[in-house]
Each structure stands twice: as C-alpha cells, then as structure tokens.
Protein chains: 2
Amino acid sequence: MTEKTVSFAAQGTTEQVEEGHVFAPKFDASGLVTCVVADAWTGEVLMVAHMNAEALGMTIETGEAWYFSRSRQRLWKKGETSGHIQRVIEMRVDCDQDALLLRVEQDGGAACHTGRQSCFYRAVPLREKAGRTVSLEFRNADKKFDPAKVYGTASAKKD
Amino acid sequence: MTEKTVSFAAQGTTEQVEEGHVFAPKFDASGLVTCVVADAWTGEVLMVAHMNAEALGMTIETGEAWYFSRSRQRLWKKGETSGHIQRVIEMRVDCDQDALLLRVEQDGGAACHTGRQSCFYRAVPLREKAGRTVSLEFRNADKKFDPAKVYGTASAKKD
C-alpha cells in the first residue's frame with residue numbers, strides 16, 4: 001500500500017456544503033465516508049462500502065472503485081482478487097456530503113463476494129411484530145460465480 | 001418518544017449470517033445500521049440514513065420509514081414535519097447484515113430536506129488529480145418544494 005496523503009476541502013457553512021460547488025466530503029470519526037454502489041444502467045443497488053480519503057482519491061483519479069475495508073483495515077481495489085472490478089460511470093455526493101453514490105459497470109455480473117449480483121439478496125418481511133425472530137426471504141439470490149473457486153478458502157481475499 | 005426496547009437476533013457464524021434465514025442486523029458501535037433508500041418504482045437512490053433498533057422495529061411494524069438522526073440524536077419519522085413520509089414497499093438486508101435497502105414510495109416527490117427528489121443532486125468529476133479542489137456539477141437539482149416554506153427556519157424540523 002502507498003502511504004500518500006490525499007486531502008480534500010474542509011466543510012464550510014451548511015449553505016456552502018449543501019448548495020455549493022466545492023467538494024468537501026465529511027469523513028466520520030474513523031475517517032470514512034459511506035458509498036452506495038448501484039449498477040449504472042439498471043440502477044439496481046449492488047452494495048454498500050466505505051472509502052477513506054486515499055480510496056476516494058484513487059477512485060477519482062483512476063475511474064475504478066477503491067474502498068477501505070473496515071474488517072481488514074486496509075485499502076482494497078474492488079476486484080483485486082476476483083477480477084470483478086467496477087468502472088465508475090458517475091459519482092455523486094449527497095446534500096451534507098457524508099455519503100457517495102457510485103454508478104458503476106460491474107465486471108463479472110456480480111458485486112457480492114457470495115457470488116450474487118447484489119449484496120441485497122434477502123428481504124425483511126414488513127408489518128411484523130418487531131423483536132420476534134424475523135425470517136428472511138431470498139430474492140434474486142442465484143449465484144453468478146462460485147466463491148470457493150474464485151477466492152479459495154482465504155476470506156481475506158474476498159473482494 | 002417511547003422508550004421501549006426492541007431487540008433482534010444476535011449474529012451467528014458467517015455462514016449463518018450470509019446464507020441463513022435469520023434476520024440478525026449488525027448495529028455499529030453507535031447502535032446504528034446504514035439504510036440506503038431508493039424509489040420503489042424507478043430504482044433511483046434517494047438518500048442514505050441510519051436506524052437504531054427502535055427505528056428499525058417501528059419501520060418493520062408500521063411499514064413507514066423511521067430513522068435515527070445522528071445530528072439530533074433522536075428517533076424521527078421521515079416526513080413528521082413535511083408530511084413527506086415514505087411507505088416501504090420492500091426492505092432488504094445485505095450479505096453481512098450491516099446495511100439495509102429500503103424501496104419506498106416517497107410522498108411529495110422529494111426525499112431531500114433541500115427540496116430535491118434525491119439527496120444525490122451533485123456529481124463529482126472523475127479522472128481528476130485528487131487533492132485539488134474538486135468542483136461539483138449540479139444534476140437533476142431542481143427543487144420540488146421550498147424548504148423555507150415547509151420547515152420555516154427551524155433546522156431541527158428538517159425531515
């Protein structure tokens with residue numbers, strides 16, 4: 001990993017942050033912003049990930065998605081093991097600039113490390129009494145690839 | 001605000017969390033899960049918000065979206081001031097169960113407190129040298145309502 005420092009503009013007033021042209025991402029206490037990743041052409045939400053300043057800088061510079069793994073505490077390029085990279089067609093930032101939306105072309109047809117197209121392959125039933133055990137329903141959950149073949153048994157390589 | 005306690009199943013093994021039917025949301029150190037909110041019919045990503053266990057319980061029970069405001073540190077029902085409530089058509093959970101996707105019908109045609117349909121009304125240019133001041137481009141940024149008329153000057157009422 002490189003150790004270069006990437007910095008972005010500091011946040012100004014609420015008016016500047018919400019109505020201005022200056023990109024001033026708000027990193028949380030861990031130095032991360034939340035990224036929603038959607039398929040650029042169908043709009044389907046594929047995954048949620050996080051970026052630190054370096055991952056954000058790499059993504060802006062290369063047009064391919066880089067993230068920061070909270071579980072592994074390191075920078076990772078999406079698809080670095082699987083080859084399933086994400087080409088970023090458009091990046092958007094939200095009103096208070098603490099979340100990003102990436103519209104991507106997903107190589108391999110699957111964003112999820114379980115082999116599915118989207119990480120959101122199970123539905124939570126609604127209008128249930130909360131606190132009881134809620135049973136999830138699988139939807140669009142067919143696997144586009146076999147994780148064991150792509151990643152082997154090394155969970156650290158799941159990208 | 002009520003003070004009732006809502007609890008969900010604890011997370012089991014990775015296999016159980018990723019491939020199982022038990023809903024076991026993983027709340028972060030602040031007791032929150034990230035929620036991506038998309039328009040149920042167009043798929044457009046409208047906003048990102050957070051839920052604590054109580055907000056999640058209220059949403060599941062009522063089928064209308066409740067969140068936890070990090071800035072105000074309180075439970076809030078989306079639209080409680082503006083009337084722009086969100087009817088949840090479908091809720092999904094991701095592979096490691098630390099993020100939710102809500103597909104909603106958005107009342108008033110605008111999810112953003114700035115009056116826009118989506119909070120993601122500005123694009124971040126790509127393939128720029130990172131670290132320089134990045135200039136955002138407004139896209140689909142017309143206002144569906146006037147925030148001053150809907151909320152007055154009380155920022156605490158922006159929902």
Side-chain angles (χ1 to χ4, degrees), chain A residues 5-9 14 18-23 34 36 38 42-45 47-48 53 56-63 71 88-96 98-101 112-114 116 118-131 133-139 155, chain B residues 5-9 14 18-23 34 36 38 42-45 47-48 53 56-63 71 88-96 98-101 112-114 116 118-131 133-139 155:
Chain A
T5 302
V6 181
S7 61
F8 294 94
T14 300
E18 294 182 353
E19 301 295 337
H21 286 269
V22 175
F23 183 42
T34 301
V36 179
T42 68
E44 183 177 1
V45 176
M47 56 183 272
V48 169
L56 178 54
M58 293 290 285
T59 302
I60 291 174
E61 286 190 29
T62 65
S71 57
V88 185
I89 304 301
E90 187 181 51
M91 181 188 288
R92 296 217 184 178
V93 65
D94 77 344
C95 46
D96 57 2
D98 68 354
L100 300 168
L101 171 61
C112 185
H113 75 282
T114 66
R116 278 99 175 184
S118 165
C119 294
F120 295 95
Y121 50 84
R122 288 171 296 183
V124 182
L126 297 171
R127 297 184 188 78
E128 301 267 331
K129 185 72 185 164
T133 301
V134 177
S135 188
L136 301 173
E137 298 167 7
F138 281 70
R139 292 186 189 164
S155 67
Chain B
T5 302
V6 181
S7 61
F8 294 93
T14 300
E18 294 182 352
E19 301 294 337
H21 287 269
V22 175
F23 183 43
T34 301
V36 179
T42 67
E44 182 177 1
V45 176
M47 56 184 271
V48 169
L56 178 54
M58 293 290 285
T59 302
I60 290 173
E61 286 191 28
T62 65
S71 57
V88 184
I89 304 302
E90 187 182 50
M91 181 189 289
R92 297 216 184 178
V93 65
D94 77 345
C95 44
D96 56 3
D98 69 354
L100 299 168
L101 170 62
C112 185
H113 75 281
T114 67
R116 277 100 174 184
S118 164
C119 294
F120 294 94
Y121 50 84
R122 288 171 297 183
V124 182
L126 297 171
R127 298 186 187 75
E128 301 268 330
K129 186 72 186 162
T133 300
V134 177
S135 188
L136 301 172
E137 299 167 5
F138 281 70
R139 293 188 189 162
S155 65

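These numbers come from a predicted model, not from an experiment. Just so we're on the same page: letters track the sequence lines, and every chain starts at 1.
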Nearest heavy-atom neighbours spanning Pro125(B) and Ile60(A): O-CG2, 3.7 Å
Interface moiety of Thr59(A) toward chain B, non-hydrogen atoms closer than 4.5 Å: backbone
Proximity breakdown for Glu19(B) and chain A, heavy-atom pairs closer than 4.5 Å: both
Heavy-atom pair of closest approach, residues Val22(A) and Leu136(B): O-CD1, 3.7 Å
Chain A interface, residue from Glu44(B), His113(B), Met47(B) that has the most non-hydrogen pairs under 4.5 Å: His113(B)
SG-CZ distance between Cys95(B) and Arg116(A), expressed to the nearest 0.5 angstrom: 9.0 Å
Phe138(A) CZ to His21(B) NE2 distance, which is reported to the nearest 0.5 Å: 5.0 Å
Nearest heavy atoms of Phe120(B) and Leu100(A), plus distance in Å: CE2-C, 3.7 Å
Contacting moiety of Thr62(B), where chain A heavy atoms sit under 4.5 Å: backbone
Spacing of Arg92(A) atom CZ and Arg122(B) atom CZ [to the nearest 0.5 Å]: 11.0 Å
Residues forming a side-chain contact (heavy atoms from CB on, under 4.5 Å) with Thr14(A), sequence neighbours excluded: Glu18(A)
Residues which pass side-chain contact (heavy atoms from CB on, under 4.5 Å) with Ala38(A), listed by chain and number, not counting sequence neighbours: Leu101(A)
Proximal component of Val124(A), with respect to chain B [non-hydrogen, under 4.5 Å]: both
Where Ala123(B) and Glu90(A) come nearest, the two heavy atoms and their spacing: CB-OE2, 4.2 Å
